[in-house]
Amino acid sequence: MIDSAASAYAQRKGLASDPHRPGYHFLPPANWMNDPNGLLHWKGQYHLFYQYNPDAPVHGRMHWGHATSPDLVHWTDLPIALTPTPGRADAGGCWSGCAIDNHGTPTLLYTGVDPQVVCLATSADELLTWQYYPGNPVIAGPPAELQAGTGGDFRDPFVWKEGEYWYLLIGSRREGVGGMLLLYRSRTLSTWQYLHPLLVGDARTLQPVWTGEMWECPNLLTFGDQRVLLFSVVGAQESDLLYPLYVTGAFQDEQFYPQAQGMFVHGGYFYAPQVLSDDQGRYLMWGWLMEGRRSSFSQEAGWAGVMSLPVMVAPLPGGGLSLEPVPELATLRGHHWQDDCIELEEGMTFSHDDMRDDCLEMLVAVEPSDNSEFGVKVRCSPDGQEQTRLVYQSASRRISIEREQSSLNPAVDHGNCSVGVEADPGELLKLHIFLDCSVVEVFVNGRCYLASRIYPERRDSLGLELFARKGSVRVRSLDTWRLASIWNI
Ligand code: FRU
């Protein structure tokens with residue numbers, strides 16, 4: 001339990017020497033974390049709540065952990081915000097939900113289990129402690145006419161204000177049909193009127209992306225008349241297919257008119273994103289980065305789950321989303337290697353002798369050339385036995401993360417992932433890479449985001465190298481920074 005700042009510090013210190021534990025991504029002091037919850041920018045502080053099992057590094061009786069940051073980079077652990085409590089509608093767990101500013105009163109709407117219902121809590125002390133609303137649950141389950149087909153799946157309320165009403169979106173499913181987001185309306189936050197499904201998926205078709213059988217964690221982003229829905233898709237009950245989707249469109253007369261949809265984060269580890277809009281008018285998104293190793297390894301390690309970097313999200317004019325890490329992360333930059341105009345012929349590599357670390361940021365700008373394969377190796381052992389490769393193939397315009405050699409441990413994930421990158425003719429290929437021990441995140445030309453996990457075994461797997469394995473490429477510029485840990489331990 002985080003009962004005080006001192007015990008959180010002691011837990012962090014106890015795990016600090018774990019070579020797989022990230023240094024500048026947020027994660028709890030110990031044990032299990034999944035979704036970001038209740039994101040709110042309140043009086044200059046960014047509040048991050050998260051699905052937290054304080055008792056073990058496995059999903060269990062879920063609490064809401066809490067941390068704040070003045071700058072999106074450095075975080076302070078605060079006491080647990082929500083605890084499942086016998087006799088209440090959240091006795092079985094406090095699952096995901098959102099935070100809003102109700103005319104000066106910080107208010108949480110979250111999922112109480114079991115059964116899955118919507119609960120409300122408010123804070124009178126600047127978000128530190130939370131009072132459970134005595135009239136909970138404020139929504140006692142799916143609407144009667146849909147109840148049977150949902151199997152009781154009804155969770156993760158997202159609330160926003162529009163005109164004179166509060167609106168609430170919640171994730172659910174319709175048996176034999178697909179995932180579904182249900183729309184409610186209220187003036188008071190405590191009494192809700194069910195309106196209709198705002199969007200329903202189709203689990204029978206694969207075009208353009210399979211939308212799965214259940215939808216979780218909805219968010220609605222507003223950019224003038226343009227809206228973006230983000231939600232998370234669950235595959236079949238027993239499958240481990242989990243990924244977020246976006247749908248752009250218009251919201252008029254309480255209906256949603258979809259335009260474009262697709263996947264927006266690739267790699268298979270980023271899930272259940274939530275957004276906040278900050279006082280600069282930016283939409284900032286965090287997602288849960290799942291582990292890529294067996295649960296027994298996480299249990300041995302004493303922790304599981306990492307928060308992604310904060311990412312700015314906006315719709316692009318031709319469809320798709322612009323995705324960029326927040327500029328505030330530049331405050332982490334330490335030692336800098338700067339190189340210009342590196343010509344790499346087929347089979348050549350480039351590095352600096354001292355360019356070795358597991359906490360790094362790299363910006364690479366490459367001139368596009370026909371039929372070349374160019375890449376960056378990270379976490380590379382001196383003999384190359386362990387290495388993870390990020391590779392761009394110009395002919396197919398695909399970026400891949402190749403993990404076959406990422407770890408000598410055969411029991412961690414080694415699968416590759418590859419995704420097409422859209423680029424305008426003549427546009428430079430710009431890779432923005434963040435490496436943080438077991439986390440790799442790559443932003444490509446501000447519109448493609450990949451996140452993956454790697455678990456090198458060797459302590460000397462710290463090398464970094466550019467390479468051309470087919471054709472030749474010209475690297476216009478290469479900036480590499482060592483990044484500092486955010487925990488003062
Ligand atoms: C998504 C999710 C949510 C749920 C929470 C429980 O990862 O399954 O739908 O509220 O996690 O921890």
Side-chain angles (χ1 to χ4, degrees), residues 27-28 31-39 48-66 80-84 89-99 108-121 137-139 141-142 150-159 168-173 178-182 201 211-219 229-245 265 268-275 285-292 295 298 303-308 451 453:
L27 75 182
N31 294 314
W32 173 274
M33 180 188 76
N34 54 295
D35 315 354
N37 290 154
L39 299 174
L48 166 66
F49 300 87
Y50 53 90
Q51 285 289 281
Y52 182 44
N53 179 3
D55 300 317
V58 294
H59 193 270
R61 263 182 85 236
M62 300 314 292
H63 297 55
W64 276 34
H66 186 191
I80 285 174
L82 295 177
T83 301
D90 62 6
C94 302
W95 283 18
S96 290
C98 63
L108 305 180
L109 287 117
Y110 66 99
T111 312
V113 296
D114 260 328
Q116 296 173 17
V117 297
V118 178
C119 293
L120 185 144
V138 293
I139 306 180
T150 64
D153 284 321
F154 181 74
R155 55 183 179 267
D156 315 332
F158 173 84
V159 174
L168 179 148
L169 267 185
I170 192 157
S172 189
R173 69 188 170 97
M180 156 167 94
L181 301 181
L182 303 177
T211 62
E213 297 181 352
M214 161 69 196
W215 291 352
E216 311 182 309
C217 304
N219 292 250
L229 275 172
L230 305 180
F231 53 90
S232 290
V233 164
V234 187
Q237 206 107 71
E238 299 305 321
S239 101
D240 53 1
L241 263 185
L242 300 168
Y243 48 85
L245 290 182
V265 187
Y269 294 91
F270 179 103
Y271 193 63
Q274 189 172 103
V275 292
M285 171 182 80
W286 283 260
W288 163 38
L289 298 180
M290 301 182 269
E291 294 299 320
S295 172
S298 299
W303 61 277
V306 181
M307 213 48 91
S308 73
R453 303 296 305 272

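By convention here, the first residue in the shown sequence is residue 1. For ligands, and for the atoms within them, numbers begin at 1 and follow the listed sequence. Basis for what follows: all heavy atoms, side chains included, without hydrogens, waters or symmetry-related copies.
- Close contacts between ligand 1 and Y271 involve ligand atoms 1 (C), 7 (O) [criterion: under 4.0 Å to a heavy atom].
- N34 is listed as a side-chain neighbour of M62, based on a closest heavy-atom distance under 4.5 Å.
- Of all atoms in ligand 1, numbered sequentially from 1 with element shown, those under 4.0 Å from a heavy atom of S96 are 5 (C), 10 (O).
- Using a 4.0 Å cut-off to heavy atoms of W288, the atoms of ligand 1 that qualify are 7 (O).
- There is no side-chain donor-acceptor pair under 3.5 Å between N37 and Q274.
- Close approach of ligand 1 to N34 is summarised as follows: ligand atoms under 4.0 Å from at least one heavy atom of the residue are 5 (C), 6 (C), 7 (O), 11 (O), 12 (O).
- Relative ring orientation between H59 and W32 is described as perpendicular, the plane-to-plane angle rising above 60° on a 0-90° scale split at 30° and 60°.
- Nearest protein heavy-atom contact of atom 9 (O) of ligand 1 is D156 OD2, 2.6 Å.
- Scanning all protein heavy atoms for the shortest distance to atom 7 (O) of ligand 1 gives D35 OD1, 2.7 Å.
- Under a 4.0 Å heavy-atom criterion, T111 is not in contact with ligand 1.
- Distance alone, capped at 3.5 Å, is enough to place a donor-acceptor pair between the Q116 side chain and the F154 backbone.
- For atom 8 (O) of ligand 1, the nearest non-hydrogen atom of the protein is E216 OE2, 3.1 Å.
- The closest side-chain heavy-atom distance from L181 to F158 is not below 4.5 Å.
- Protein heavy atom in closest approach to atom 6 (C) of ligand 1: Q51 OE1, 3.3 Å.
- Residues Y271 and V234 have side chains in contact (heavy-atom distance under 4.5 Å, counting atoms from C-beta outward).
- Residues R173 and W215 fail the side-chain proximity criterion, which asks for heavy atoms closer than 4.5 Å.
- Remark: ligand 1 atoms within the under-4.0 Å shell around heavy atoms of H59 are 6 (C), 12 (O).
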